[in-house]
Student: 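Below is a structure I'd like to ask you about.
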Amino acid sequence: MEGRKVTGWAARDSSGVLSPYSYHLRKIGSEDVLFKVLYCGVDHTDLHQIRNEIHSTTYPLVPGHEVVGKVVEVGSEVKKFGVGDIVGVGCIVGSCGECICCKTNKEQYCTKMVFTYNAIYGDGSFTQGGFSSAMVVHQK
Ligand SMILES: [Zn+2]
């Protein structure tokens, strides 16, 4: 399912060069937040992923996992945030939500944990990071 069209800065190969890339965000689910990206850090992991130095990069790759933004839309079941709130996203955007790790707020140990970019989300969509105009993430 495709959502809003956005533009990010993507690596297309291991050269280290990023260029504008348009793609569709996933559709906003009932517990998702759509936010406009205000800032995004540049971490050394981003550089490794851009250059495929970990040998796991799928191109085109929009990096960025230290993201700050402003909420522009929320799903019907979102309780934690409202339009206009400032939100942050780290290196994880998903997990199963049902295992002992998830139920004790240790999602980083979930075997179904989903990285912010260069990963496959639960709905089958490819995750792209914060070097973008907007993102859709679960409220948690
Ligand atoms: Zn889990």
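Just follow the structure's listing: the first ligand is 1, and inside any ligand the first atom is 1. Quantities reported herein were computed from a predicted structural model and do not represent experimental measurements.
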Student: Side chains of Gln139 and Phe81: closer than 4.5 Å at any heavy-atom pair?
Tutor: yes
Student: To the nearest 0.5 angstrom, please state how far the OG1 atom of Thr45 sits from the CZ atom of Phe115.
Tutor: 9.0 Å
Student: Taking the Zn ion (ligand 1) as the centre, how many protein N/O/S atoms fall inside a distance shorter than 2.8 Å?
Tutor: 4
Student: Does a side chain donor of either Asp46 or Tyr117 reach within less than 3.5 Å of an acceptor in the other side chain?
Tutor: yes
Student: Between Phe35 and Val136, is there a side-chain heavy-atom distance shorter than 4.5 Å?
Tutor: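 Result no, sub-4.5 Å side-chain heavy-atom pair not found.
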Student: In chain order, what residues pass the side-chain contact (heavy atoms from CB on, under 4.5 Å) check against Tyr21, with sequence neighbours excluded?
Tutor: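 Once residues adjacent in sequence are excluded, the partners of Tyr21 under the side-chain contact (heavy atoms from CB on, under 4.5 Å) criterion are Ala10, Arg12, Tyr23, Pro60, Val62, Gln128.
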Student: Could you check if a side-chain atom of Gln108 sits within less than 4.5 angstrom of a side-chain atom of Ile92, using non-hydrogen atoms only?
Tutor: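 Counting from C-beta outward, Gln108 and Ile92 do come under 4.5 Å.
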